*Asks:* 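Take a look at the following structure, please.
This one's a predicted model, so the numbers in the text were calculated from it and none came from an experiment. The analysis underlying the following values was restricted to heavy atoms, covering all of them including side chains, and did not include hydrogens, waters or symmetry mates.
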Amino acid sequence: MDSFVSQVGPWIRLNRKTKGWGQVDVGVQVGVSQATVSMWERGVSSPSDEQMAELRKIFDQPVAQAAVAQVPASESDGAQSAAPRKSRKSPKPETNGNIGFENKLWAAADLLRSNMDAAEYKHVVLGLLFLKYVSDAFQERSETLADMVREPESEYHVEGPDQQEEEIRAILRDPDEFISANVFWVPEQARWSYLQAHAKQPEIGRMVDDAMDAIERENPALRGVLPKVFALPNLDKQSLGKLIDLISEIGLGTSEHRAKDTLGRVYEYFLSRFASSEGKNGGEFYTPTSIVRLLVEMIEPYEGRVYDPCCGSGGMFVQSLKFIEAHDGRRDKISVYGQESNLTTWRLAKMNLAIRGIEADLGKKHADSFREDLHPDLKADYILANPPFNVSVWHGETLQNDVRWKYGTPPAGNANYAWIQHFIHHMAPAGIAGFVMANGSMSSSTSGEGEIRKAIIEADLVDCMIAMPGQLFYGTQIPVCLWFLTRSKDRSTLRGFRDRRGETLFIDARKKGYLVDRVHRELSEDEIMEIGRTYHAWRGEKKDGTYQDIPGFCKSSNLDEIRSHHYVLTPGRYVGAEEIEDDGVPFEEKMAELAAKLREQMAEGRRLDAAILKNLEELGYGE
């Protein structure tokens with residue numbers, strides 16, 4: 001044990017006792033768990049530089065100089081382990097980009113592809129990550145409970161080593177001690193340490209399936225959700241064992257990693273990679289993060305009911321909660337409702353939300369929102385959705401007189417306006433909906449769609465339309481747009497909105513984004529914020545400045561102007577052309593320069609033509 005670790009523990013204990021604090025009090029002020037403070041005091045691990053600075057601040061005195069002098073920077077990276085740590089380099093600062101091990105993990109997972117397609121091995125990898133997460137969280141909670149029994153100031157404390165060990169055994173057998181802390185109860189045969197110890201066994205696939213079954217039995221919220229595909233004959237068990245060993249190196253469920261959302265980011269990374277690998281089918285369950293970020297940034301879901309009737313893997317809900325946390329809001333102010341028609345995707349959403357501690361009502365089963373609306377009476381404050389585009393088979397012929405079709409019966413051959421009216425039906429009186437649609441929805445007039453759009457516009461429901469750049473989706477190259485509808489454009493002092501009745505904002509974002517690879521584009525964070533601020537300023541939110549039209553980018557239009565365009569909502573019709581800065585070169589001079597360049601290029605063309613003809617003659621193909 002190094003001398004810093006041995007000295008800082010007694011220093012923390014002495015100072016907190018002087019102030020009359022318990023370990024929990026110190027943990028709250030430094031931003032760590034009570035168990036972490038206990039480990040510091042016992043010399044099992046040590047605080048990071050930032051944590052030491054916070055400790056000095058709350059105790060209002062430095063650590064003994066002798067102790068500080070012996071602390072290499074490399075030994076204060078904040079990692080917490082069950083044993084004293086070896087000196088190592090400080091990690092790079094955490095960013096929103098890759099965590100560092102995703103590519104390595106993806107390469108290992110890719111070994112499973114020899115006999116499985118992406119749709120199958122997706123559930124193998126994400127299932128293992130989920131299992132590691134719940135096991136890590138369970139292990140940390142177990143250690144915390146044991147520390148609380150030994151800690152004299154804890155309500156769990158008992159005197160005497162033998163009595164303490166007996167009490168610890170009793171507490172660790174009580175599922176309520178874990179469930180009360182939002183930690184899933186993990187039976188012994190489902191714990192990661194047990195599976196890792198048997199990773200090289202030929203029966204490892206069956207053992208993982210059994211582990212999934214055991215977790216579902218003990219946790220009703222997960223019943224029917226976890227994948228049991230590990231014993232399938234086409235899953236190479238040796239590769240599965242290697243993947244388990246690799247995942248074992250990654251911390252996922254501890255409080256430190258939950259704070260960094262490590263598993264959430266790994267899930268997001270894998271979902272995007274699977275969507276890319278699966279192409280068209282993979283894109284159905286995954287909406288690119290930059291699009292979800294923009295939708296959430298636009299509608300600002302601070303509190304109320306959030307609804308997604310085609311929720312896929314749950315990305316809209318995840319980003320909504322991230323938005324709230326980024327703006328110092330409270331998670332308990334949001335209620336989440338969703339629905340998903342695909343069974344495997346519904347399970348994926350349940351897992352994705354469970355790992356982040358998001359309580360959501362996704363219904364007791366998967367179901368089609370059109371034919372079996374699981375939330376028929378819901379009126380949502382915020383609706384976020386990316387429905388499947390241009391679906392031709394949605395059984396519309398059986399729903400001709402549905403109460404949702406207030407603005408006209410959607411055509412049986414295309415579900416776009418069925419989705420739009422489903423969203424409107426579920427909007428609260430002051431609700432707002434933001435969703436993705438194919439570009440054709442803005443201008444189509446076939447099969448009565450033009451009349452439905454006209455009725456929606458005349459009802460003054462359309463708040464904002466955004467034309468998006470191409471190549472954003474993994475599953476389709478169809479150009480898309482974003483619709484934002486609201487039931488109320490009245491002035492709102494509570495939310496800081498101006499009276500915008502009879503007005504609609506058009507934004508043309510087709511030139512935004514950057515290529516992340518040869519075929520996929522993303523919006524940058526600055527671009528997302530720019531578009532969001534434009535909309536918020538137009539709504540009258542003072543925090544985002546004063547709105548003004550920008551030719552080629554945004555335009556505030558009224559109903560008369562939209563009528564003059566025959567109710568077509570394509571932003572390019574309204575925003576006009578981007579202003580081109582005058583370079584000061586007179587037209588005559590510029591035209592002469594362009595003409596000279598054209599003549600040069602034509603001459604070069606003739607030279608190349610002659611050279612090609614000569615080569616053809618030499619090859620025996622001359623005239």
Side-chain angles (χ1 to χ4, degrees), residues 280-281 283-287 295 305-317 336-350 360-428 431-438 440-442 444 446-453 455-456 459 461 473 475-476 478 480-485 487:
K280 184 176 185 300
N281 292 331
E284 291 178 359
F285 66 83
Y286 180 76
T287 305
L295 286 168
R305 297 171 295 274
V306 178
Y307 174 53
D308 182 352
C310 40
C311 66
S313 56
M316 300 290 183
F317 304 136
V336 173
Y337 299 86
Q339 187 163 338
E340 172 55 42
S341 61
N342 182 283
L343 174 59
T344 56
T345 307
W346 177 78
R347 289 171 171 168
L348 194 61
K350 296 273 279 188
D361 182 355
L362 303 187
K364 294 183 178 179
K365 61 179 181 177
H366 65 291
D368 174 16
S369 290
F370 291 141
R371 291 184 292 166
E372 190 177 2
D373 190 348
L374 299 180
H375 308 286
D377 301 321
L378 174 67
K379 297 300 179 184
D381 301 291
Y382 307 97
I383 296 176
L384 291 157
N386 172 30
F389 306 147
N390 303 324
V391 174
S392 58
V393 180
W394 62 282
H395 306 284
E397 65 280 357
T398 67
L399 300 167
Q400 291 297 303
N401 299 312
D402 195 283
V403 67
R404 290 170 288 186
W405 314 151
K406 181 178 178 180
Y407 302 96
T409 302
N414 192 313
N416 286 349
Y417 276 87
W419 281 116
I420 291 173
Q421 292 191 82
H422 181 85
F423 302 146
I424 295 172
H425 175 77
H426 281 286
M427 284 165 57
I432 181 171
F435 51 89
V436 187
M437 271 286 150
S441 65
M442 297 187 289
S444 61
T446 58
S447 304
E449 289 184 334
E451 289 302 312
I452 299 174
R453 186 172 59 255
I456 291 171
L461 294 171
F473 281 82
T476 179
I478 296 175
V480 302
C481 59
L482 303 184
W483 289 59
F484 295 90
L485 306 180
R487 283 198 184 276

*Asks:* Restricting to salt bridge (charged side-chain N to carboxylate O under 4.0 Å, His left out), what partner residues turn up for K365, sequence neighbours left out?
*Replies:*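 Result, salt bridge (charged side-chain N to carboxylate O under 4.0 Å, His left out) vs K365: E372.
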*Asks:* What residues form a side chain to side chain contact (heavy atoms under 4.5 Å, CB included) with A455, not counting sequence neighbours?
*Replies:*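 For A455, the residues satisfying side chain to side chain contact (heavy atoms under 4.5 Å, CB included) (neighbours in sequence not counted) are Y407.
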*Asks:* Kindly indicate, with the supporting measurements, whether the criterion side chain to side chain contact (heavy atoms under 4.5 Å, CB included) is fulfilled by E397 and H395.
*Replies:* CA-CA 5 Å; E397 65 280 357; H395 306 284; 4.3 Å; yes
*Asks:* For atom NZ of K379, is the number of surrounding heavy atoms from other residues, nucleotides or ligands below 6.0 Å larger than 12?
*Replies:*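 Yes - once you tally the heavy atoms of other residues, nucleotides and ligands closer than 6.0 Å, there are more than 12.
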*Asks:* Write down the atom of R305, the atom of A428, and the distance for their closest heavy-atom approach.
*Replies:*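 Shortest heavy-atom contact: NH2-CB, 4.2 Å.
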*Asks:* Measure the CG-CG distance between N386 and L295 for me, rounded to the nearest 0.5 Å.
*Replies:*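 Those atoms lie 8.0 Å apart.
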*Asks:* Of all heavy-atom pairs between A385 and M316, which one has the smallest distance, and what is that distance?
*Replies:*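 In terms of heavy atoms, the two residues are closest at C-CE, 3.7 Å.
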*Asks:* Using the rule given for side chain to side chain contact (heavy atoms under 4.5 Å, CB included), can you reason through F435 versus I420, listing the C-alpha separation, both sets of side-chain angles and the distance that settles it, and then say yes or no?
*Replies:* CA-CA 9 Å; F435 51 89; I420 291 173; 3.7 Å; yes
*Asks:* Just verifying a value: how many Å separate Y417 OH and T409 OG1, rounded to the nearest 0.5 Å?
*Replies:*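 Reported to 0.5 Å precision, the distance equals 14.5 Å.
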*Asks:* How would you list, by chain and number, every residue that makes a salt bridge (charged side-chain N to carboxylate O under 4.0 Å, His left out) with R487, sequence neighbours excluded?
*Replies:*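 With neighbours one apart ignored, the set is empty.
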*Asks:* Measure the spacing between CD1 of I452 and CD of Q421 and express it to the nearest 0.5 Å.
*Replies:*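 So the CD1 of I452 and the CD of Q421 are separated by 5.0 Å.
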*Asks:* Once side chain to side chain contact (heavy atoms under 4.5 Å, CB included) is applied, do any residues pair with D361, and if so which ones, sequence neighbours excluded?
*Replies:*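 Side chain to side chain contact (heavy atoms under 4.5 Å, CB included) check on D361 returns Y337, H375.
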*Asks:* Which heavy atom of S447 sits nearest a heavy atom of P411, and at what distance?
*Replies:*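 So the two residues come closest at CB-CB, 3.4 Å.
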*Asks:* At what distance, to the nearest 0.5 angstrom, does CG of N390 lie from CE of M437?
*Replies:*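 Those atoms lie 8.5 Å apart.
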*Asks:* Take the angle between the ring planes of W405 and W394 and call it parallel below 30°, perpendicular above 60°, tilted in between.
*Replies:*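 The arrangement is perpendicular - the two ring planes meet at more than 60°.
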*Asks:* Considering residues at least two apart in sequence or located in another chain, which fulfil the side chain to side chain contact (heavy atoms under 4.5 Å, CB included) criterion with A360?
*Replies:*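 For A360 the side chain to side chain contact (heavy atoms under 4.5 Å, CB included) partners, ignoring immediate neighbours, are V336, L353, L362.
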*Asks:* Should V436 and L482 count as side-chain neighbours, where that means a heavy-atom distance under 4.5 Å?
*Replies:*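 Yes, side chains in contact.
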*Asks:* Identify the two heavy atoms, one from P387 and one from C310, that lie closest to each other, and give their separation to 0.1 Å.
*Replies:*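 In terms of heavy atoms, the two residues are closest at CA-SG, 3.5 Å.
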*Asks:* Applying side chain to side chain contact (heavy atoms under 4.5 Å, CB included), can you list everything that pairs with R404, at least two apart in sequence or on another chain?
*Replies:*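 Only F370, D373, L399, D402, H422, H425 meet the side chain to side chain contact (heavy atoms under 4.5 Å, CB included) criterion with R404.
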*Asks:* Identify, with sequence neighbours excluded, every residue that meets side-chain hydrogen bond (donor to acceptor under 3.5 Å, both in side chains) alongside S444.
*Replies:*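 E449.
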*Asks:* The test is side chain to side chain contact (heavy atoms under 4.5 Å, CB included); show your working for L378 and Y307 and say whether it passes.
*Replies:* CA-CA 9 Å; L378 174 67; Y307 174 53; 3.5 Å; yes
*Asks:* Going from CD on E340 to CG on L348, what distance comes out if it is rounded to the nearest 0.5 angstrom?
*Replies:*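 The CD atom of E340 sits 9.5 Å away from the CG atom of L348.
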*Asks:* In the structure I gave you, are the side-chain heavy atoms of P309 and H426 within less than 4.5 Å of one another anywhere?
*Replies:*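 Heavy-atom side-chain distance check fails, nothing below 4.5 Å.
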*Asks:* Output all residues satisfying side-chain hydrogen bond (donor to acceptor under 3.5 Å, both in side chains) with S441, sequence neighbours left out; order by chain, then residue number.
*Replies:*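 So S441 forms a side-chain hydrogen bond (donor to acceptor under 3.5 Å, both in side chains) with W483.
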*Asks:* Report the distance from atom OG of S341 to atom CH2 of W346, rounding to the nearest 0.5 Å.
*Replies:*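 S341 atom OG to W346 atom CH2 measures 12.5 Å (nearest 0.5 Å).
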*Asks:* Taking all atoms of both residues into account, what is the closest heavy-atom pair of G338 and F317, and its distance?
*Replies:*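 Result for this residue pair: CA-CZ, 3.8 Å.
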